[in-house]
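Note sheet for the following structure.
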There are 2 protein chains.
Amino acid sequence: METRELRYFVAVAEELHFGRAAQRLGMAQPPLSRAIARLERRLGTALLERDSHGVALTGPGRVLLREGRAALEAVAAAEARTRRAGQPGLVLAAKAGASADLLAGLLAAYGAEPGAVPVEVQLCQYGEQGQLLRRGEADVALLHLPFDSTAGLDTEELHTEGQVALLPAAHPLAARRELRLAELADLPDLPAPRYPRPDGSHPDGPGPAIRDHTQLHQLIALGRTCAVLPESCRAQLGPGVTPVPVPDAPQVTTVLAWPPDSRSRPLAALLRAATGG
Amino acid sequence: METRELRYFVAVAEELHFGRAAQRLGMAQPPLSRAIARLERRLGTALLERDSHGVALTGPGRVLLREGRAALEAVAAAEARTRRAGQPGLVLAAKAGASADLLAGLLAAYGAEPGAVPVEVQLCQYGEQGQLLRRGEADVALLHLPFDSTAGLDTEELHTEGQVALLPAAHPLAARRELRLAELADLPDLPAPRYPRPDGSHPDGPGPAIRDHTQLHQLIALGRTCAVLPESCRAQLGPGVTPVPVPDAPQVTTVLAWPPDSRSRPLAALLRAATGG
DNA sequence: GTACGGCGATACCCGGCGGGTATCGCCGGG
DNA sequence: CCCGGCGATACCCGCCGGGTATCGCCGTAC
């Protein structure tokens, strides 16, 4: 199976319409129809059900859509990582606005190593670092457990800290010495922000949809929401936002993560610098 | 990047010789040279170093070899799983000679379910079940923790048991009531069997290289080796092999494993039958 | 009932690309 | 110095992937 055929099939399976899929692929409809028919012949099974109502996926078609997407991602990651390996320097992905001091220290420590290469810092929206790593567009990322998933990645723990609630300065709870998680749940005047899922979509709910730290900070200052974040975010707080410790919130661990089996020399040096070894 | 190009590159990278790689691919050498050159041009980086001493991989080349193999496996798995989805029935992979009673009970329980489909049982050599699953050639497998890796698979625990040492009946230790692991280590007359690694190769050592249960059983009966296996293997023992409990050996858990996100209806029914729910 | 429009399949044509053979250029060894 | 091994280059061909035109089938609207 060639990747071109897979791309064709995925396009048709997503559009469920040969004409639109062909348009998306920048080609005419007939060769697309033929390519899919050939693919079905070679696989020995129908992938799509064509009837007068339109196009639908068969069982094997659903399987190939899921597996084919994964395979295409693997091919794209292979290509991206090879391209990256051909260029000097490292790309480090980090959540914008999180662990800023730790990141600065890490970069300084690595920069002092002999033979350090330039590090490009890619600041990400929530949850995007893992995608950049998995897609091969970054060499290493700062992730925060338990929020980010490290499945399929190698990791090194850097730092563990408690969390604080960030509240609008004018809110009654902002005067408290401490808060419990339960007190912050279901506040009618401060609906919880909706963080993106790994696929980029947002869950439903009353709170604002959040993509990055700046949005969140500003919405808290405006009194529209509140959040529970690692203590280290205190360093970035502006006026209008008050931190209150939340002792029963889970501890947050900041980890360096990288794709397995990809310890290049610069990456190994970065890890050494990060762990102080 | 097309899978054909990846296959070409992997062949050359493995052979480090254009002529042999072309032969392996069933084509002539010139088009292979051109294909690799085109790939390098498109990726914007050299993958192979050609000099008078021969061909060597560059850094990016090593990256593409590793990542490209993974991508090719993903494509092959997508194809195999799609083919499998087009055929009726389930394929269950199990280690030959292990958990036989549990497997029989599982098949009986599933067979009694309404709408059960035929189950083809693929009996494997040691460690092969995981490969069959990952390659898409089986739908579900019986694995044994901590021996088999379940990384990247969904699992359901079925059974946990202790282990027994299997010794030649004539061996002095066979008369013992119990044994400790330390007593079985480094016996000069019974060198430990060498089980295959996940890639199929065998570690070095004095003991016999083992591929399946029958080999192992027979070599024990011949007094050439000994082994520590889950208690349930007692049911398969023939003459010449004596089981002795080893209380300090790790517990073995038998699990059903399947590729994530692949719960087809028959697979779901099998899991239901397996867990007695 | 008929005419029309939307959609996928088919028919047919063409150009480029993938693959083949012949040969070159380079280098190292006998 | 010649030869042999190996990868690159030159050049040619056939096929396959893609394009246009058109068909066949339905569902719908009047």
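Just so it is clear: chains get the letters A, B, ... in the order the sequence lines come, proteins before strands, and each one is counted from 1. Remember, predicted model here, so these are calculated numbers, not experimental data. Values reported hereafter were calculated over all heavy atoms of this structure, with side chains retained and with hydrogens, waters and symmetry mates removed.
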Chain A footprint on DNA chain C, 5' to 3' - any atom under 4.0 Å from a heavy atom: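 Answer, 5' to 3': C:dC7 to C:dT10.
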
What residues form a salt bridge (charged side-chain N to carboxylate O under 4.0 Å, His left out) with [X], not counting sequence neighbours?
X	value
B:Arg4	none
A:Glu15	A:Arg20, A:Arg24
A:Arg224	none
B:Arg211	none

Nucleic acid contacts - residues 5-31 of chain A versus DNA chain C, non-hydrogen atoms under 4.0 Å: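 Hits under 4.0 Å, by residue number: A:His17, A:Phe18, A:Gly19, A:Gln29, A:Pro30.
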
Can you tell me which residue pairs pass the salt bridge (Lys or Arg N to Asp or Glu O under 4.0 Å) test with a partner in residues 50-64 of chain B, sequence neighbours excluded?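 Of all non-adjacent pairs touching residues 50-64 of chain B, those that pass salt bridge (Lys or Arg N to Asp or Glu O under 4.0 Å) are B:Glu40-B:Arg50.
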
Touch class at under 4.0 angstrom, heavy-atom based, for A:Arg4 against every strand present: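 Since only primed, P, OP1 and OP2 atoms lie under 4.0 Å of A:Arg4, the category is sugar-phosphate.
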
Would you say the side chains of B:Thr58 and B:Glu49 form a donor-acceptor pair under 3.5 Å?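 No - no donor-acceptor pair under 3.5 Å links their side chains.
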
Suppose the criterion is side-chain hydrogen bond (donor to acceptor under 3.5 Å, both in side chains): which pairs have a residue in residues 115-127 of chain A, not counting sequence neighbours?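 Qualifying pairs: A:Tyr126-A:His213.
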
Counterpart base for C:dG30, defined by Watson-Crick or G-U wobble contacts under 3.5 Å: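 D:dC1 - that is the nucleotide pairing with C:dG30, both distances being under 3.5 Å.
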
Return all side-chain donor-acceptor pairs below 3.5 angstrom for residues 27-34 of chain A, not counting sequence neighbours, or 'none' if the list is empty.
unit_1  : atom_1 : unit_2  : atom_2 : d
A:Gln29 : NE2    : A:Ser33 : OG     : 3.0

